[in-house]
Structures are given as C-alpha cells and as structure tokens.
Amino acid sequence: MRKLTGFIMMLIPLIAQAGAQMYEPLSASTRTVLQKTVSDQAVSYFITLPETESKAWLTTMSDRLKKHMPDQNERNDFLTTVHYEAVRAGLDPQLVLSIIQVESSFRKYAISTAGARGYMQIMPFWVDTIGSKEHNLFHLRVNLRYGCTILRHYLDMERGDYFRALGRYNGSLGQATYPELVFNTWHKYWHYPVTQEIAQN
C-alpha cells in the first residue's frame, strides 16, 4: 500500500502537466452559467445536505484535507464551496476533490507548464471564450465554477462516460493514465460511503 501511495504521489505532477484542456464549444446555457459574476468569496451553506449530514461530511473531509490546508477556517470555506459548485454542476464532490488533488495538490495559485491556473487548473482561454474579463482564475469560486462547469460539459459530450470526460479535461482523451489516477485518488483518499457511486464506464 505504501508503494502504491508513493507511486501515485510521484505521478501526480507529471500527469497534471501531461495535457492541456482544449476549447470545445459550450451550449448557450452553460456559457450563461459562467458569465454570471462569481468571486473569491466562499459559499457559506450546503445546497443539498441537511445540517447534520453536512456537518458530518465537513468534519470527515476536513480531517482528510488537514495536511494540505492546515488552517481550519480555510479548509471549511474551501470544502463548502467545492461541495456547492460540484453539486450545482451535478458532480460528485469527492470526485472534484480528487481532480483538485491530482491537478494542483490543493494549491490555489498553481500554474502548470501549459499555463493552466488554480485549484482545477483552468486554461486562460476559457475566460475569453465563455467567461467574462473580470473573472480571475485564481479566485476560489471562479476556479471551481469553471472547473465543474467544464467537466460537466465534457460529461454531457461523452454521455456520462467519466473515463472519456476526464481524458478531455486533462487533454489526454483516449489515454488511461489520467482517468485512472483520478479514480484511484478518489477511492483511496476521498471516497465517502453515503454518496452515490459513479460508474466507471
């Protein structure tokens, strides 16, 4: 298990830089989602979980995230916003956490060799093509909104096939390395039993 963990952690920076997102036209409704003003402010509530369940989820995920984000208030703000934006886009929040770990290791100001930015490593061209010029990809909600919206777009294109959608997200469509790394990270670090499983098609 330790060897597997070490191997996964060694692959993360390599995979995150292996490809780059490519622009593929989004529907008008999806563009509208991104053209609304979003900011660097965290979301303060959960949109689908009752208070008891949201506290349990937040406590569990906060404990797991502690080594990446030592400050508890930062962790709680980050996790609440991840959950909000993921659910808003119809995604599993734990899968989104896995993508963030693989893409940026939870570094807000990460920049890849291809120029992708922030937690979910968004390419700047998305701001020009589907967003608004005031959007800062290093802002918490902006970055998460873009990342979740783009992944949702790719899932719709691929009719729910997460393997292919993740390949598109990383710019490595058809290659197994990136999707498998995300799935492995999801099951090893972020799996949460009460959420619905995502089929790996």
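Everything numeric here is computed off the predicted structure, so don't read it as measured data.
Contact detail for L137 and N143: the closest heavy-atom pair is O-ND2, 2.7 Å. Of all heavy-atom pairs spanning G167 and P179, the tightest one is N-CG, 4.1 Å. The minimum heavy-atom distance between N73 and D71, with the atom names listed, is N-OD2, 3.2 Å. Nearest heavy-atom pair across Q94 and W190 is CG-O, 2.7 Å. Minimum interatomic distance between W57 and P93 (heavy atoms only, all atoms of both residues): CZ2-CB, 4.0 Å. Considering every non-hydrogen atom in both S104 and G118, the closest pair reads CB-O, 3.6 Å.
By the 4.5 Å heavy-atom criterion applied to side chains, Y189 and R64 are not counted as neighbours.
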**Report entry** From CA spacing to verdict: side chain to side chain contact (heavy atoms under 4.5 Å, CB included), V182, Y169
**Finding:** CA-CA 11 Å; V182 171; Y169 190 90; over 6 Å; no
Requested in this report: Before giving the answer on side-chain hydrogen bond (donor to acceptor under 3.5 Å, both in side chains), spell out for S62 and R75 the whole-Å C-alpha distance, their side-chain angles and the decisive distance to 0.1 Å.
Outcome: CA-CA 6 Å; S62 182; R75 287 199 309 273; 2.8 Å; yes
Query raised in the report: Going through the distances and angles, do L79 and L97 end up as a side chain to side chain contact (heavy atoms under 4.5 Å, CB included)?
Result: CA-CA 9 Å; L79 287 166; L97 287 168; 3.9 Å; yes
Report task. Any chance you could lay out the side chain to side chain contact (heavy atoms under 4.5 Å, CB included) test for I122 and V142, step after step, and finish with the verdict? Result -> CA-CA 10 Å; I122 309 303; V142 172; over 6 Å; no
Query raised in the report: Does the side chain to side chain contact (heavy atoms under 4.5 Å, CB included) test come out yes or no for H135 and W126, once each step is laid out?
Result: CA-CA 10 Å; H135 288 172; W126 287 110; over 6 Å; no
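A distance of 13.0 Å separates CG of L144 from NE2 of H83, quoted to the nearest 0.5 Å. Note that CE of M69 is 10.5 Å distant from CG of N76, once rounded to the nearest 0.5 Å. For the atom pair Y154 OH and R164 CZ, the distance stands at 12.5 Å (nearest 0.5 Å). In this structure, L151 CG and L166 CG are separated by 6.0 Å, a value rounded to the nearest 0.5 Å. One finds the CG atom of L95 at 10.0 Å from the CD1 atom of I100 (value rounded to the nearest 0.5 Å). Interatomic distance, CD of Q121 versus CG of N170, reported as 10.0 Å (0.5 Å rounding).
Using the six-membered ring where Trp is involved, F138 and Y109 have ring planes that are tilted, between 30° and 60° apart.
Under the ring-ring contact (aromatic ring centres under 6.0 Å, His included) criterion, F78 pairs with F106, Y119, not counting sequence neighbours. Taking T59 as the reference, nothing meets the side chain to side chain donor-acceptor pair (under 3.5 Å) condition, with sequence neighbours excluded. The salt bridge (Lys or Arg N to Asp or Glu O under 4.0 Å) test applied to R152 returns D156, not counting sequence neighbours.
Following chains of ILVMFWY side-chain contacts shorter than 4.5 Å, one cannot reach F125 starting from L173, and the two form parts of different hydrophobic clusters. With hydrophobic clusters built from ILVMFWY side chains whose heavy atoms lie under 4.5 angstrom apart, L91 shares a cluster with F183.
In this structure a side-chain-to-backbone donor-acceptor pair under 3.5 Å is missing from S132 to E134.
For E103 and Y178, the side-chain atoms include at least one donor-acceptor pair closer than 3.5 Å.
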